[in-house]
Amino acid sequence: ETKTILVDRNVNKEETYTQAVELIKNGELVAFPTETVYGLGADATNPLAVDKVFEAKGRPSDNPLIVHVDSKETALKYVENVSDKAIACMDAFWPGALTLVMKAKSDTFAGNVTADLQTVGIRVPNHPVALNFLKRLKLPVAAPSANTSGKPSPTMAEHVYHDLEGKIPLILDGGATAVGIESTVLDMTSEPPVILRPGEVTKEQIEQLVGSVRLSSDPKGNTPKSPGMKYIHYAPEAPVYLIENDHSLVNKAIKYLHDKEKKVAVLSSSEFPEADFYFPLSAKTLYDSLRKCDMSEADLILAAVSDDEKNDAMMNRLERAADHKWFS
Ligand code: TXA
Ligand code: MG
């Protein structure tokens, strides 16, 4: 039912894309790789196709989807009141892991793409398969991450297959994604612009270009502006605890848990042979490691982080997976 096409070595082959393009034009879904995570694509102008995205993922319908296009020129056809700062961001970071929230031209996208907001999040992905696909399709593609809602985002075609087998007709397999964490979402409709979701493109990089930007307040705050931030994400079945990446501290924790007959998984950039399960920790491997925790028999997960990792996008995802709990 769900077919996977390996595009790794066929990245320039026409027939690789023909099926994908036909499916989207017929209102079906196609999962495809981007540099951040795999997306689950639908024609953003077709409300019935977009409905299928929400259904396949089990996603709440008040959470809008990101629209993917092949270039800045295409993006500009779909938005209005575009600021000079937004143009500067497009020129500097596209194609790339930055989603810009701007005012959508009315009657451009199906209402369920934007959850009936006046704005739309758009980006040009930096991946040859995504770009080849979008160029041939000539339609804007609404694509959230191609995972079941609440599961870690997919960084490999296998993850998509695991979550969506039998629910979608086609997965384009471009191998493991390079970044591993979803794009930075930057709201250009406020002044100064607001980072709604941290990602690979950092606050510092954006500020160098357009001056000061704000980081949106903690997702636990009242009404989050990015609707997606209010949902619990990336939570494996076993509880996750953050812990300082200090060898003796982590080993002490493992021993304490072993005394209580708990099986422990450790996520860290350095190996812990003392743990029952060890999975590597970096932006690129985080989601795969969280999925592997779910397939292991771990009763508890220790995510060992060091100071230099604490402020980046990976830490944002990890804190949410741990529900901000530190091991003590
Ligand atoms: O890297 C990515 O961004 C991946 C790949 C596939 O491009 N996509 C992705 O999409 O992560 P999704 O749907 O899982 O996350 C979209 C995020 C959500 O937090 C959503 O609330 C926010 O972007 N968003 C989308 N449109 C918005 C809008 N108009 N205003 C505010 N936030 C918006
Ligand atoms: Mg997602």
Side-chain angles (χ1 to χ4, degrees), residues 29-42 44 50 53-54 56-69 78-79 93-104 108-127 129-131 133-134 140-155 157 159-160 163-164 171-172 174 177-190 193-201 216 219 223-235 283 287 313 316-317 320-321:
L29 309 184
V30 175
F32 62 98
T34 79
E35 80 279 39
T36 57
V37 301
Y38 277 74
L40 180 59
V50 174
V53 172
F54 287 94
K57 280 181 62 79
R59 177 170 173 123
S61 61
D62 63 346
N63 193 5
L65 309 179
I66 292 175
V67 171
H68 297 67
V69 294
Y78 304 131
V79 289
F93 299 112
W94 282 0
L98 179 68
T99 295
L100 298 173
V101 174
M102 296 170 287
K103 185 160 192 308
T108 305
F109 301 112
N112 47 0
V113 169
T114 59
D116 288 322
L117 297 170
Q118 304 296 304
T119 56
V120 62
I122 297 199
R123 81 178 189 102
V124 179
N126 187 16
H127 192 290
V129 174
L131 289 171
F133 169 51
L134 291 167
V141 170
S145 49
N147 53 300
T148 299
S149 228
K151 290 279 167 204
S153 291
T155 57
H159 298 161
V160 181
D163 284 9
L164 300 178
I171 302 168
L172 298 178
T177 61
V179 176
I181 286 195
E182 306 87 341
S183 63
T184 307
V185 178
L186 182 63
D187 183 0
M188 302 307 298
T189 67
S190 348
V194 180
I195 295 177
L196 299 175
R197 180 176 73 181
E200 138 113 337
V201 175
S216 85
T223 24
K225 189 128 193 253
S226 180
M229 298 303 275
K230 73 176 182 232
Y231 298 105
I232 296 173
H233 268 74
Y234 328 123
Y287 290 147
N316 166 275
R317 310 304 194 270
R320 295 171 69 196

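What you see below is based on every heavy atom in this structure, not just the backbone, and it leaves out hydrogens, waters and symmetry mates. Ligands are counted one by one from 1 in listed order, and the atoms in each one are counted from 1 as well. The model shown is predicted, which means the values in this text are computed figures rather than measured ones.
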Parallel, tilted or perpendicular: ring planes of F32 versus H68, cut at 30 and 60 degrees: perpendicular
Ligand 1-proximal atoms of D187, by part, heavy-atom distance under 4.0 Å: neither
Ligand 1 contact on T119 by region, counting heavy-atom pairs under 4.0 Å: both
Need the ligand 1 atom indices (1-based, order shown) with element for anything under 4.0 Å from a heavy-atom of [X].
| X | result |
| --- | --- |
| H68 | 5 (C), 6 (C), 7 (O) |
| S183 | 1 (O), 2 (C), 3 (O) |
| R59 | 12 (P), 13 (O), 14 (O) |
| V120 | 29 (N) |
| G39 | 6 (C) |

Heavy-atom closest contact (A146 atom, L164 atom, distance): O-CD1, 3.5 Å
N147 N/O/S atom closer than 2.8 Å to the Mg ion (ligand 2): no
Heteroatom distance test (E182, ligand 1): nitrogen or oxygen, under 3.5 angstrom: no
Min N/O separation S145 to ligand 1 under 3.5 Å: yes
CH2-CG distance between W94 and L100, expressed to the nearest 0.5 angstrom: 4.5 Å
Pair R123 + E182: basic N to acidic O under 4.0 Å: no
Sub-4.0 Å heavy-atom contact, T114 with ligand 1: no
Winner among T36, L196, V179 once heavy atoms are compared against atom 31 (C) of ligand 1: L196
The single option from T177, N147, T155 passing side chain to side chain contact (heavy atoms under 4.5 Å, CB included) against Y287: T155
Test item: P125 and P95 side chains (from C-beta on) under 4.5 Å apart, heavy atoms: no
Minimum side-chain heavy-atom gap N63-S149 below 4.5 Å: no
Any donor-acceptor N or O pair under 3.5 Å, side chains T99, S183: yes
